[in-house]
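FYI, side chains are in, hydrogens and waters are out, and symmetry mates aren't considered; it's all heavy atoms of this structure. Count residues from 1 along the sequence.
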Amino acid sequence: MKESLMQIYSTTGKSFKEPKKAHNTIEVSFIDSAKVSIDGPVDQEYTVKFINNQNGQIVYSSNIKNNMWSKSTVQYYVQWRIVVESGGQTIFDQVLNLKDKKVLVVVDSQSLGDILAYTGQINKFQVKHSCKLDVLIFNKELAQTLSSSYKNINFLLDQGSNEDYYAVYKIGYPLGEWQNRNPIDPRTIPLQKVASSVLGLEFAEEKPILTFSINTLKENKKYITIATQSTAQCKYWNNENGWEEVIKYLNKNGYDVWCIDRFPAFGNQKQRMNFIPKGAIDKTGDLPLNLRMSQIYNSEFFIGLGSGLSWLAWALNKPTVLISGFSKPFAEFETPYRIINESVCNGCWNDPTLKFEKSDWMWCPRGKNFECSSKITSDMVIKKISTLL
């Protein structure tokens with residue numbers, strides 16, 4: 001037996017393998033911002049460069065060693081080129097490419113208007129990059145409606161682990177520091193451009209597609225829909241007789257006026273409450289979104305403020321009369337029926353030197369007692385309405 005084993009050993013070919021050399025690994029991710037991690041046992045120094053590939057600018061650069069990471073503070077979309085150098089040589093060079101990658105966009109707002117404003121831009125982003133896109137929005141009814149309209153996007157209501165994604169972007173309207181979340185001050189641009197600038201798109205207005213079942217409302221008279229409530233007193237039409245006089249004008253011309261706000265009364269009980277205008281038919285209530293869309297769709301036109309239901313009417317291609325003095329006309333969507341009195345104080349919302357105090361219901365930063373809207377007369381509104389009648 002021993003001799004047989006020796007014979008086999010002596011006739012077996014011999015090979016020698018070099019031991020595997022230890023090495024470090026470089027990993028790149030784009031979750032909230034660009035990040036480079038270098039892990040491994042080899043003691044080595046690196047220079048990491050975060051370059052804007054569209055203009056060649058080095059946005060950020062740092063020197064790290066193995067088992068360390070480097071990260072840019074920029075959270076909005078940049079076509080990153082990530083370069084890693086060591087020992088005077090480039091050992092890693094990669095340009096961001098989202099094609100077929102799993103990407104998450106978080107809409108950091110529960111506002112109906114914000115979500116509707118951002119959706120068209122988000123869709124353009126998916127089409128441009130051909131990515132596998134999830135969108136997190138905090139509005140169940142709207143998520144269901146948009147899911148029926150956009151088969152190329154997966155709308156989520158709950159956020160799982162970010163680690164499942166190659167890239168994550170967050171769209172919102174920051175009331176404080178905005179520099180790392182958006183390349184442009186949100187107060188100085190249209191609401192839709194807040195989304196397009198975060199997502200690195202050329203801006204052009206884009207209406208969302210809304211799929212819904214149209215309820216045929218059996219009414220004897222033609223009617224106009226209005227929404228008079230908002231989330232801060234500065235956003236209201238603060239002309240005490242404005243709504244009532246407009247409603248009288250519409251009634252005189254043969255139209256009913258439906259108030260479709262969620263609440264018939266809203267405001268701050270210690271400071272100021274706002275009530276459904278006299279003469280309006282009370283259609284207020286926490287009603288399904290599909291019914292609200294049908295009410296607007298079947299109306300002749302819509303009159304509202306710079307708030308969510310105005311954005312909904314715009315998205316439904318309904319002529320939208322928008323009354324606002326606290327915001328500049330560029331802040332909302334394009335409509336030929338935008339009303340503002342620029343001969344008085346106006347546009348505080350879009351003034352980058354002013355900070356909105358969300359907790360102050362009576363916020364009027366220039367101390368003008370809301371003249372921006374109280375000086376919008378009913379005649380100014382009626383003049384616009386007359387072009388629709």
Side-chain angles (χ1 to χ4, degrees), residues 76-77 104-128 133 135-150 152-153 155-156 169-175 178 181-212 227 229-232 235 262 289 292-293 296 302 304-324 326-338 340 347 349-350 356 358:
Y76 49 85
Y77 174 87
L104 174 67
V105 169
V106 178
V107 177
D108 191 21
S109 173
Q110 297 183 24
S111 166
L112 175 65
D114 289 354
I115 298 170
L116 291 172
Y118 299 157
T119 298
Q121 307 300 324
I122 293 170
N123 178 60
K124 287 198 294 186
F125 178 81
Q126 192 284 323
V127 172
K128 177 180 179 179
L133 185 62
V135 177
L136 176 65
I137 61 174
F138 302 102
N139 185 314
K140 184 177 180 181
E141 284 188 293
L142 198 49
Q144 292 171 343
T145 298
L146 294 174
S147 293
S148 300
S149 304
Y150 296 96
N152 57 324
I153 299 173
F155 288 92
L156 307 174
Y169 304 101
K170 183 180 291 185
I171 305 173
Y173 200 103
L175 297 175
W178 56 268
R181 293 187 58 184
N182 199 310
I184 312 172
D185 188 337
R187 293 168 294 187
T188 65
I189 56 176
L191 183 58
Q192 288 186 79
K193 194 170 181 178
V194 172
S196 65
S197 57
V198 168
L199 298 176
L201 303 169
E202 289 292 328
F203 175 65
E205 186 170 285
E206 185 83 16
K207 289 190 178 184
I209 301 169
L210 298 178
T211 302
F212 68 104
Q229 306 286 9
S230 196
T231 54
K235 300 180 182 182
R262 177 176 293 183
L289 180 63
R292 287 297 186 217
M293 288 192 284
I296 294 171
F302 175 90
L305 313 172
S307 57
L309 287 173
S310 293
W311 282 93
L312 184 60
W314 163 80
L316 293 169
N317 295 307
K318 188 59 56 176
T320 303
V321 180
L322 198 158
I323 307 166
S324 180
F326 87 105
S327 60
K328 292 289 189 181
F330 72 76
E332 297 94 11
F333 46 83
E334 294 181 10
T335 172
Y337 311 110
R338 177 64 156 79
I340 185 172
W349 182 259
N350 301 112
F356 177 61
K358 190 176 182 179

**Q.** Closest approach of I189 to V194 (non-hydrogen atoms, all atoms of both residues)
**A.** CD1-N, 3.8 Å

Q) More than 12 non-hydrogen atoms from neighbouring residues, nucleotides or ligands closer than 6.0 Å to NZ on K128, yes or no? A) yes

Q. How far apart are the C-alpha atoms of Y76 and S197, what are their side-chain angles, what is the distance that settles it, and do they pass the side-chain contact (heavy atoms from CB on, under 4.5 Å) test?
A. CA-CA 8 Å; Y76 49 85; S197 57; over 6 Å; no

Q: Flag yes if more than 12 heavy atoms outside K193 fall under 6.0 Å of its NZ atom; otherwise flag no.
A: no

**Q.** CD-CD1 distance between Q110 and I115, expressed to the nearest 0.5 angstrom
**A.** 8.0 Å

Q. So, do Y77 and F125 sit near enough that their side-chain heavy atoms are less than 4.5 Å apart?
A. yes

(Q) If you compare all heavy atoms of F356 against all heavy atoms of A232, which two are closest, and at what distance to 0.1 Å? (A) CZ-CB, 4.3 Å

Q) Say you draw a straight line from NZ of K207 to CG of N123; how long is it, rounded to the nearest 0.5 Å? A) 15.5 Å

Q | Flag side-chain contact, heavy atom, 4.5 Å: P208 against W311 | A | no

Q. Okay, side chain of Y150, backbone of I209: is any donor-acceptor separation there less than 3.5 Å?
A. yes

Q. Do S148 and T211 have side-chain atoms, one donor and one acceptor, less than 3.5 Å apart?
A. no

Q | Closest non-hydrogen atom pair, Q192 against A117 | A | CG-O, 3.3 Å

Q: Could you pull out the closest heavy-atom pair between L322 and F333, with the gap in Å?
A: CD1-CZ, 3.4 Å

Q) What do the steps show when you test L104 against L156 for side-chain contact (heavy atoms from CB on, under 4.5 Å), and what is the final call? A) CA-CA 10 Å; L104 174 67; L156 307 174; 4.2 Å; yes

Q) Heavy-atom count around E141 CD within 6.0 Å, excluding the residue itself: above 12? A) yes

**Q.** Spatial distance of atom CG (L210) from atom CG (L316) [nearest 0.5 Å]
**A.** 5.5 Å

Q: Find the distance between CG (L112) and CG (L289) and round it off to the nearest 0.5 Å.
A: 6.5 Å

Q) Which pair of heavy atoms, one from N350 and one from R187, lies closest together, and at what distance? A) ND2-O, 2.9 Å

(Q) Less than 4.5 Å apart, side chain to side chain, heavy atoms only: is that true for T119 and L142? (A) no

(Q) Are Y169 and L199 packed together at the side-chain level, in the sense that at least one heavy-atom pair is separated by less than 4.5 angstrom? (A) yes

Q: Under the side-chain contact (heavy atoms from CB on, under 4.5 Å) rule, what do V127 and N152 come out as? Steps first, then yes or no, please.
A: CA-CA 8 Å; V127 172; N152 57 324; 4.1 Å; yes

Q. Could you give the distance from CD1 (I171) to CG (N182), rounded to the nearest 0.5 Å?
A. 9.5 Å

Q) What are the two closest heavy atoms between S230 and L305, and how far apart are they? A) CB-CD1, 4.2 Å

**Q.** Note, E332 side chain near S327 side chain (heavy atom, < 4.5 Å)
**A.** yes

Q) For G306, does its backbone N or O pair with a side-chain atom of S310 as donor and acceptor, under 3.5 Å? A) no

Q. Would you say the side chain of S196 lies within less than 4.5 Å of the side chain of E206, judging by non-hydrogen atoms?
A. no

Q: Determine whether W314 and E205 make a side-chain contact, defined as any pair of heavy atoms from C-beta on separated by less than 4.5 Å.
A: yes

Q) Any side-chain heavy-atom pair from T145 and M293 closer than 4.5 angstrom? A) yes

Q) Do V107 and L136 pass the side-chain contact (heavy atoms from CB on, under 4.5 Å) test, and can you show the C-alpha distance, the side-chain angles, and the key distance before you say yes or no? A) CA-CA 6 Å; V107 177; L136 176 65; over 6 Å; no

Q) Which distance, rounded to the nearest 0.5 Å, do you find between the CZ of F155 and the CG of L133? A) 8.0 Å

